[in-house]
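Data block below; observations after.
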Amino acid sequence: MSDSPVTTASHLGGHWTDYNLAAITQVAACNFRCSYCYVDFRHLAGADSFTAGPADLVDEFVALRAEMATQGHQLSILRISGGEPLLAPRLLIGVYDELVRRRLLDSCILKVESNASMLPVTAAALDEADRARLAAVAPHVTLHVTIHARPGTQNWDNIVHGLGVAVRLGFDLYPAIGGADWPEADMRHLYRVLAGIAPGLPLRLAVRPFNLTYAMLRDRRNLPRLGEGNDPPSSVWEGVLRESTGIDYLARPRHEIPLTPAAEEAA
């Protein structure tokens, strides 16, 4: 996501323009089959013959960092994507532990991209020691969650549950929607749900026109007006935020907004 360099700079210092590169590794399994996914479904079935463990993954990251350094580029983001990485939370724990062992966390961050829907199931399936380890690792992971379902549709409840578990575990969580097909009523419902998980969570939401082509994105001033009332989706969301909080969309950098669970704030 486009604000990843900003959040990286907040962790590592420097300017966001220092962090425009990411090493991307894809987990070859997913519980969704989104029509717009860029990964071949044959790979998402998890039947590929190639396998690698946390140490192998970090080995590749270290080698790629060294190669980029010789070209004058700084590589500071290790991104685990998919597929669905949180189908395998032990992989996430193992990669983090490898980064700690090699003393890399003062110069890189671990970012995970997820749909969040399986986190309640996979976290609950861990033994007590691994659950405790996941809770210890979570605050050090930047977790970007794309909400692939609208309210009332398939997978909506699972995603909402996953977002709640992610907040309670302490992940540095950044949700996003592809707002082009979200009517205002659904955005209002989304606000209430996110605020019920953590009051700061709606202010961390990214509203993105995921259905646009790269050619269209290059000329942002001529973007089609896609939301209800001929307003762009981000403007519709800003209206919801202003009405509910008095705060404009993106008025404050997302990483500065705390994610205290709603239950703790109420207490």
| Out of curiosity, L64 CG to M68 CE, how far, rounded to the nearest 0.5 Å? | 5.0 Å
| request: Please report the C-alpha distance between N158 and V121 in whole Å, then the side-chain angles of each, then the deciding distance to 0.1 Å, and finally whether the side chain to side chain contact (heavy atoms under 4.5 Å, CB included) criterion is met. | output: CA-CA 10 Å; N158 292 334; V121 175; over 6 Å; no
| What distance do I147 atom CD1 and L190 atom CG have between them, rounded to the nearest 0.5 Å? | 5.0 Å
| field | Side-chain donor or acceptor of R252 paired with backbone N/O of Y249 under 3.5 Å | value | no
| task | Kindly give the heavy-atom pair with the smallest separation between C30 and G83, and that separation in Å. | result | CB-CA, 3.7 Å
| Under 3.5 Å, is there a donor-acceptor pair between the side chain of D127 and the main chain of D130? | yes
| query | Can R131 and E128 be counted as an ion pair, charged N to O under 4.0 angstrom? | reply | no
| query | Is a side-chain N or O of S107 found less than 3.5 angstrom from the main chain of L104, in a donor-acceptor match? | reply | yes
| task | Please determine which of E113, K111, Q26 meets the side-chain hydrogen bond (donor to acceptor under 3.5 Å, both in side chains) test together with S81. | result | E113
| Whether T7 side chain and S4 backbone form a donor-acceptor pair below 3.5 Å | yes
| query | Any ion pair linking D172 and R254 (charged N to carboxylate O, less than 4.0 Å)? | reply | no
| Is a donor on one side and an acceptor on the other found under 3.5 Å between the side chain of T153 and the backbone of A149? | no
| query | Quick one: OG on S76 to OH on Y19, what's the gap to the nearest 0.5 Å? | reply | 5.5 Å
| field | Rounded distance [0.5 Å steps], CG in L119 versus CD1 in I159 | value | 12.5 Å
| Nearest heavy atoms of L21 and H73, plus distance in Å | CD1-CB, 3.5 Å
| According to the ring pair (Phe, Tyr, Trp, His ring centres under 6.0 Å) rule, which pairs have a member within residues 113-137, sequence neighbours left out? | none
| task | Can you see which heavy atom on P202 is nearest to which on A195, and at what distance? | result | CG-N, 3.6 Å
| Within the side chain of T146, is there an N or O that forms a donor-acceptor pair under 3.5 Å with the backbone of H148? | no
| field | Flag side-chain contact, heavy atom, 4.5 Å: Y174 against T142 | value | yes
| query | Will you find, in the side chains of E60 and T25, an N or O donor that is under 3.5 Å from an N or O acceptor? | reply | no
| task | First locate atom CG of L92, then atom CG of L110, and finally report the distance between them rounded to the nearest 0.5 Å. | result | 5.5 Å
| request: Could you verify whether a donor N or O on one side chain and an acceptor N or O on the other, from N31 and S117, lie under 3.5 Å apart? | output: yes
| Test item: T122 side-chain N/O and L86 main-chain N/O as donor-acceptor pair under 3.5 Å | yes
| Does a donor on one side chain and an acceptor on the other come within less than 3.5 Å for H15 and T17? | yes
| query | If you round to the nearest 0.5 Å, how far is CZ of R208 from CH2 of W237? | reply | 13.5 Å
| Between A22 and L75, which heavy-atom pair has the shortest distance, and what is it? | C-CD1, 3.6 Å
| said: Test side chain to side chain contact (heavy atoms under 4.5 Å, CB included) on V58 and L99; report intermediate values, then the result. | reply: CA-CA 7 Å; V58 177; L99 293 174; 4.1 Å; yes
| query | Under 3.5 Å, side chain of R242 to main-chain N/O of D248, donor-acceptor pair present? | reply | no
| task | Tell me yes or no: between the side chains of D18 and Q74, is some donor less than 3.5 Å from an acceptor? | result | no
| Where is the tightest heavy-atom contact between P85 and I80, given as atom of each residue plus distance? | CG-O, 3.5 Å
| query | Would you call the rings of H189 and W156 parallel, tilted or perpendicular, where under 30° means parallel and over 60° means perpendicular? | reply | tilted
| Run the side chain to side chain contact (heavy atoms under 4.5 Å, CB included) check on L241 and Y191 step by step: do they pass? | CA-CA 8 Å; L241 287 181; Y191 173 84; 4.0 Å; yes
